[in-house]
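Beneath this line is the structure, given in structure tokens, with notes to follow.
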Amino acid sequence: MNIAESLLVALKEQGARGIFGVPGDFALPFFKVVEESGILPLYTLSHEPAVGFAADAAARATCGLGVAAATYGAGALNMVNPIAAAYAEKSPVVLTSGAPGVREARSRLLLHHQAKALDSQFRVFSEVTCDQVRLDDAARAPHDIARVLHSARTHSRPVYIELPRDMVWEPCAPVVPVIAEEPDPAAVAACVEEILGRLRKATSPVLMVGVEVRRYSLESRVARLAALLGLPVVTSFMGRGLLANTSAPLLGTYMGIAGAPEITALVEGSDALLLLGVLISDTNFGVSVRQIDYRRSIHALDGRVTLGHHIYPNISLEALVEGLLQRVKDGIEAPGPGRPVYPRGLVSDGCPVGPSDIACAINDLMAIAGPIPIAVDAGDCLFAALEIEPTSLLAPGYYATMGFGVPAALGIQATTGQRPIVLVGDGAFQMTGWELGNCQRYGWDPIVIVFNNRSWEMLRLFQPESKFNDLSDWRFAEIASALGGDGTRVLTREALKSALHAAMSRRGRFQLIEVMIPRGVVSKTLQRFVAGLTRFASGGEAPPPVL
Ligand code: TPW
Ligand code: MG
């Protein structure tokens with residue numbers, strides 16, 4: 001094998017199911033090996049930000065590695081934002097970049113695509129990846145590849161691999177995977193005892209699950225743990241969609257002031273809040289970070305467990321969950337609380353559509369068709385998504401980058417074969433919507449719902465006086481057929497319902513439903529968020545950041 005083949009085989013063995021990319025001259029040799037070896041399928045898209053988002057979504061959807069491939073400089077540097085998003089939201093994306101050959105790098109000339117120094121790109125990505133390597137030594141390459149892929153898996157964060165173009169065909173030994181180090185069983189046992197002791201003494205224990213539970217494929221085990229412990233379960237905002245396909249006693253999603261008041265009261269009133277894999281961020285915690293008593297919470301994140309002032313530094317989430325399960329497996333399954341009710345039964349009439357109507361229509365659809373994976377962008381559609389029954393949901397819920405939704409759907413369909421629904425605002429669609437033109441080559445047929453309010457509406461909520469939030473009417477439905485899909489513009493609830501049914505029955509081409517939403521009409525969840533903010537503002541609190 002050559003270096004590129006060794007890398008591809010290792011990626012496949014570590015759970016990658018495809019490579020997303022845009023080539024360039026420094027990356028052409030690598031792309032050639034990808035195509036000709038057939039080790040992993042290659043999906044080329046139009047612009048690198050979409051490549052990064054698709055690879056991120058592939059990692060999230062498959063609980064494996066996502067792979068993004070770019071050329072040096074002009075290509076890879078376009079991916080700083082998606083890789084930063086993957087870093088922030090703990091998605092294990094492997095970014096491979098072509099680079100000037102080892103021999104040409106020795107010339108003193110400036111090379112095209114070189115930003116500053118030859119290693120500037122390496123240093124840029126060092127900031128937003130958890131491990132990096134430049135494969136300029138064929139003897140060391142197997143060991144280096146094993147190390148970075150292991151880092152990506154254990155930290156569940158992106159890594160950067162730079163492959164100089166003249167190294168691609170260098171002969172190379174196969175990659176031997178790194179064996180994960182097991183945490184100290186005595187430490188796990190002590191931690192488990194301390195947690196169970198706290199939960200037993202508590203009067204209102206609550207379990208909150210976050211993204212790490214999915215990243216480390218622990219959903220069914222955590223669901224079982226919750227049932228055995230009889231703990232009510234909520235998800236964090238980022239963790240929305242987790243445990244959706246399990247029988248866990250799931251109450252809903254905690255969103256602080258923006259969320260359902262019963263859930264907010266339950267979480268904030270808990271005297272033993274067990275946070276499994278939850279990123280503590282302002283969006284996850286809907287501006288009420290201060291309302292949670294961290295001295296009484298138990299927090300497992302980033303391979304560490306923190307209970308008040310105690311820290312167990314080396315306990316992976318997997319080891320903790322396994323330890324807890326072992327200890328309580330003979331317990332009695334307590335009946336969980338009933339699941340909450342989500343809006344259903346959209347009235348089929350001539351009224352204009354609001355964002356919450358779209359959530360309701362999707363609930364109606366899933367009641368007939370079963371759960372459908374959903375990819376969401378930043379904007380009010382993200383808040384509306386919280387009104388949809390729990391189902392597999394991929395969203396930039398914390399880092400909140402626009403442009404994620406459409407490429408994420410491509411990543412889901414390419415690597416899982418499932419047909420997703422996309423929820424995206426008109427502003428975000430302007431960023432990456434064109435990528436739908438790539439569906440025809442691969443037979444992807446996502447259903448894309450554009451929330452077209454001709455506006456950066458979320459921003460308007462925070463600064464109503466600014467005219468720059470007015471966008472013009474782009475008539476997105478009309479571009480669908482030119483891109484190889486079908487489009488309809490929808491003005492009423494009746495039309496929305498029939499457009500969704502028609503889209504479900506048409507297979508093989510992407511379906512674009514452009515829903516016209518009057519400016520100023522936002523989802524119920526966003527309304528609550530804004531109302532909560534106003535209350536906060538009158539109490540003199542600092543406003544939260546805008547998504
Ligand atoms: C890559 C900042 C957050 S929300 C928003 C902007 C510009 C407006 C979104 O408009 P859209 O949705 O998509 O029409 P809606 O419901 O508000 O009308 N650049 C990036 N990411 C973010 N988050 C911003 C800017 C922003
Ligand atoms: Mg908009």
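Ligands are counted one by one from 1 in listed order, and the atoms in each one are counted from 1 as well.
Ligand 1 has an N or O atom lying under 3.5 Å from an N or O atom of Ala428, backbone or side chain. Taking any N or O of Met458, backbone or side chain, at least one lies under 3.5 Å from an N or O belonging to ligand 1. The shortest N/O to N/O separation between Ser455 and ligand 1 falls below 3.5 Å. Distances between N or O atoms of Gly379 and those of ligand 1 include no value under 3.5 Å. Here's the thing with Asp426: one of its N/O atoms is less than 3.5 angstrom from an N/O atom of ligand 1.
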Quick one, Arg489 with Asp473, criterion salt bridge (charged side-chain N to carboxylate O under 4.0 Å, His left out). Give me CA distance, side-chain angles, the key distance, then yes/no.
CA-CA 12 Å; Arg489 176 173 268 215; Asp473 184 350; 2.6 Å; yes

Show your working on side-chain hydrogen bond (donor to acceptor under 3.5 Å, both in side chains) between Arg157 and Ser151 and close with a plain yes or no.
CA-CA 8 Å; Arg157 302 238 195 234; Ser151 298; over 6 Å; no

Using the rule given for side-chain hydrogen bond (donor to acceptor under 3.5 Å, both in side chains), can you reason through Glu435 versus Thr432, listing the C-alpha separation, both sets of side-chain angles and the distance that settles it, and then say yes or no?
CA-CA 6 Å; Glu435 297 287 346; Thr432 51; over 6 Å; no

Can you check side-chain contact (heavy atoms from CB on, under 4.5 Å) on Gln121 and Tyr160, steps first, answer last?
CA-CA 10 Å; Gln121 177 173 314; Tyr160 175 71; 2.8 Å; yes

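No close placement of the Tyr72 and His112 rings is indicated, their centers lying 6.0 Å or farther apart. Separation of the Phe429 and Trp434 ring centroids does not fall under the 6.0 Å cut-off. For Phe237 and Tyr398, the ring centers are positioned 6.0 Å apart or more.
To the nearest 10 degrees, the Mg ion (ligand 2) sees OD1 of Asn453 and O of Ser455 at an angle of 90°.
Under a 4.0 Å criterion applied to the non-hydrogen atoms of Gly427, ligand 1 contributes the atoms 11 (P), 13 (O), 14 (O). Close approach to Ala400 involves these atoms of ligand 1, each under 4.0 Å from a residue heavy atom: 21 (N), 22 (C), 23 (N). Atoms of ligand 1 found under 4.0 Å from any heavy atom of Thr401, numbered from 1 in the order shown, are 1 (C), 21 (N). Annotation for ligand 1: atoms under 4.0 Å from non-hydrogen atoms of Glu457 are 15 (P), 17 (O), 18 (O).
For Gly403, the closest heavy-atom approach to ligand 1 does not fall below 4.0 Å.
Counting heavy atoms under 4.0 Å from ligand 1, residue Leu459 touches it through the side chain alone. Here Asp380 has heavy atoms under 4.0 Å from ligand 1 in both its backbone and its side chain.
Coordination check, Met458 versus the Mg ion (ligand 2): failed, since every N/O/S atom of the residue sits at 2.8 Å or beyond. Distance check for Asp426 against the Mg ion (ligand 2): an N/O/S atom falls below 2.8 Å.
Only one option out of Gln440, Arg507, Arg506 pairs with Asp445 in a side-chain hydrogen bond (donor to acceptor under 3.5 Å, both in side chains); it is Arg507.
A donor and an acceptor atom, one from each side chain of Tyr254 and Glu268, are located under 3.5 Å apart. No side-chain N or O of Thr488 forms a donor-acceptor pair with one of Glu514 less than 3.5 Å apart.
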